[in-house]
Asker: 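Encoded as structure tokens, here's the structure I'll be asking about.
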Amino acid sequence: MSTPKVVVVMGVAGTGKTTIGPLLAARLGVPYAEGDDFHPPANIAKMSAGTPLTDDDRWPWLDAIGSWAHGRAGLGGVVSCSALKRSYRDRLRAEAPGVVFVHLAGDRSLIEDRMSHRQGHFMPTALLDSQFATLQPLQEDEAGVVVDVSGSPEDITGRAAKALAELP
């Protein structure tokens with residue numbers, strides 16, 4: 001049996017990171033951490049006001065997530081984190097070298113529709129364009145998989161688990 005992986009569920013806002021993350025963690029039998037919980041209050045306030053975060057805003061957040069992932073090395077875990085840029089993923093890997101990414105990806109109109117129906121989330125749909133503009137998809141040299149977000153949460157989770165199992 002292989003060592004449990006630490007998985008970062010990534011993607012733009014509205015792809016289902018907070019829904020798929022816990023489902024995937026349960027399926028893998030490992031703990032889940034909500035990436036939004038690692039944001040300092042100033043970041044939440046900025047995003048709630050419709051202001052995109054800067055890289056300087058994100059570094060402490062990414063370091064906190066990376067520290068959690070590092071602590072789960074060899075034990076496994078799933079954490080949600082947009083991880084939109086390669087430099088953000090590199091920062092996470094610097095802290096936790098064995099992490100793998102599940103990039104939840106889908107059609108912009110589907111994601112916008114899902115965002116418009118969710119309750120109680122601080123991220124407004126107005127920031128979706130900036131999320132897509134910032135997104136740098138996984139590169140061939142990055143450990144991870146891309147999973148389409150169409151279908152039910154159970155379908156998406158099943159595809160993610162299957163793709164992870166096929167990683168070397």
Side-chain angles (χ1 to χ4, degrees), residues 1-39 47 58 61-62 65-66 68-70 72-93 95-119 121 123 125 127-168:
M1 181 172 191
S2 65
T3 302
K5 294 175 174 63
V6 177
V7 178
V8 177
V9 178
M10 63 166 282
V12 300
T15 53
K17 296 181 295 292
T18 299
T19 300
I20 303 306
L23 292 172
L24 184 59
R27 185 152 182 168
L28 299 175
V30 297
Y32 170 73
E34 169 56 55
D36 287 341
D37 293 344
F38 293 90
H39 274 298
M47 290 183 286
R58 286 187 181 92
W61 173 64
L62 291 164
I65 292 171
W68 181 89
H70 177 82
R72 298 299 312 163
L75 303 170
V78 175
V79 61
S80 57
C81 173
S82 53
L84 298 177
K85 288 184 180 179
R86 170 72 187 243
S87 61
Y88 304 164
R89 297 187 298 271
D90 288 346
R91 185 106 175 195
L92 292 170
R93 278 190 292 269
E95 189 72 29
V99 298
V100 297
F101 295 88
V102 170
H103 177 188
L104 299 179
D107 179 71
R108 188 196 184 289
S109 60
L110 170 67
I111 295 167
E112 183 174 26
D113 181 62
R114 287 182 179 174
M115 283 182 78
S116 69
H117 289 96
R118 63 186 186 178
Q119 302 286 321
H121 197 278
M123 179 68 86
T125 56
L127 289 181
L128 191 55
D129 286 336
S130 73
Q131 293 259 303
F132 272 104
T134 302
L135 177 64
Q136 296 171 343
L138 287 174
Q139 301 299 300
E140 287 184 23
D141 65 332
E142 293 184 272
V145 296
V146 178
V147 177
D148 180 67
V149 296
S150 60
S152 72
E154 293 75 19
D155 293 339
I156 298 164
T157 302
R159 287 193 299 269
K162 182 178 187 294
L164 284 169
E166 293 172 357
L167 284 176

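The residues of the chain are indexed from 1 along the displayed sequence. Computed from heavy atoms alone, side chains included, the values below leave out hydrogens, waters and symmetry copies.
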Asker: According to salt bridge (Lys or Arg N to Asp or Glu O under 4.0 Å), does anything in residues 130-141 pair up with another residue at least two apart or in another chain? List the pairs.
Answerer: Arg86-Asp141
Asker: Is the ring pair His39/Trp61 parallel, tilted or perpendicular, if the boundaries are 30 and 60 degrees?
Answerer: parallel
Asker: Considering non-hydrogen atoms only, spot the tightest contact between Gly144 and Leu167 and give its length.
Answerer: O-CD2, 3.9 Å
Asker: Compare every heavy atom of Val147 with every heavy atom of Ala160, then report the nearest pair and how far apart it is.
Answerer: CA-CG2, 3.8 Å
Asker: Check the pair Leu164 / Leu24 against side chain to side chain contact (heavy atoms under 4.5 Å, CB included), numbers first and verdict last.
Answerer: CA-CA 10 Å; Leu164 284 169; Leu24 184 59; 3.9 Å; yes
Asker: State the OG-CG distance between Ser80 and Leu104, to the nearest 0.5 angstrom.
Answerer: 10.0 Å
Asker: Could you work out, with salt bridge (Lys or Arg N to Asp or Glu O under 4.0 Å) as the rule, every residue matching Arg72, not counting sequence neighbours?
Answerer: none
Asker: Atom CE in Met10, atom CG in Leu138: separation rounded to 0.5 Å?
Answerer: 5.0 Å
Asker: Listed by chain and number, what are the side chain to side chain donor-acceptor pair (under 3.5 Å) partners of Arg93, not counting sequence neighbours?
Answerer: Asp90, Glu142
Asker: Would you kindly say whether Glu34 and Thr18 are connected by a side-chain donor-acceptor distance under 3.5 Å?
Answerer: yes
Asker: Between the main-chain N or O of Val12 and the side-chain N or O of Gln131, is there a donor-acceptor pair closer than 3.5 Å?
Answerer: no
Asker: Could you tell me the separation between the CZ atom of Phe38 and the SG atom of Cys81, rounded to the nearest 0.5 Å?
Answerer: 9.5 Å
Asker: Hey, mind stepping through Val100 and Val6 against side chain to side chain contact (heavy atoms under 4.5 Å, CB included) and telling me if it holds?
Answerer: CA-CA 6 Å; Val100 297; Val6 177; over 6 Å; no
Asker: Using 0.5 Å steps for rounding, measure from the NE2 atom of His70 to the CG atom of Leu92.
Answerer: 13.5 Å
Asker: Tell me, which pairs form a salt bridge (Lys or Arg N to Asp or Glu O under 4.0 Å) where one or both residues lie in residues 12-30, sequence neighbours left out?
Answerer: none
Asker: State, to 0.1 Å, how close Pro4 and Gly74 come at their nearest heavy-atom pair, and which atoms those are.
Answerer: CD-O, 3.8 Å
Asker: Under the side chain to side chain donor-acceptor pair (under 3.5 Å) test, which residues partner Ser87, sequence neighbours left out?
Answerer: none
Asker: Roughly how far, to the nearest 0.5 Å, is the CD1 atom of Ile65 from the CG atom of Asp36?
Answerer: 8.0 Å
Asker: Do Glu95 and Arg91 sit within salt-bridge range, that is, some charged N less than 4.0 Å from a carboxylate O?
Answerer: no
Asker: Under the side-chain contact (heavy atoms from CB on, under 4.5 Å) rule, collect the residues that match up with Pro153, sequence neighbours excluded.
Answerer: Thr19, Ile20, Leu23
Asker: Over all heavy atoms of both residues, which pair between Tyr32 and Ala25 is shortest? Give the atoms and the distance, please.
Answerer: CB-CB, 3.7 Å
Asker: Can you see which heavy atom on Phe132 is nearest to which on Gly106, and at what distance?
Answerer: CZ-O, 4.2 Å
Asker: Just to verify, what does Arg159 make a side chain to side chain donor-acceptor pair (under 3.5 Å) with, not counting sequence neighbours?
Answerer: none
Asker: Taking all non-hydrogen atoms of both residues, which atom of Gly66 and which atom of Ala96 are closest, and how far apart?
Answerer: O-CB, 3.8 Å
Asker: Run the side chain to side chain contact (heavy atoms under 4.5 Å, CB included) test on His103 and Leu135 for me, step by step, so that the C-alpha distance in whole Å, both residues' side-chain angles and the decisive distance to 0.1 Å come before the verdict.
Answerer: CA-CA 11 Å; His103 177 188; Leu135 177 64; 4.0 Å; yes
Asker: Taking side-chain contact (heavy atoms from CB on, under 4.5 Å) as the definition, give me every residue that meets it alongside Ser152, ordered by chain and number, with sequence neighbours left out.
Answerer: Glu154, Asp155
Asker: Scan side-chain atoms only and decide if Ser82 and Tyr88 contain a donor-acceptor pair under the 3.5 Å cut-off.
Answerer: no
Asker: Any heavy-atom pair between the side chains of Val145 and Phe101 that's under 4.5 Å?
Answerer: no
Asker: Is there a side chain to side chain contact (heavy atoms under 4.5 Å, CB included) between Val78 and Val30? Walk through the geometry before answering.
Answerer: CA-CA 7 Å; Val78 175; Val30 297; 3.9 Å; yes
Asker: Taking only residues two or more places apart in sequence or in another chain, which ones pass side chain to side chain donor-acceptor pair (under 3.5 Å) with Gln139?
Answerer: none
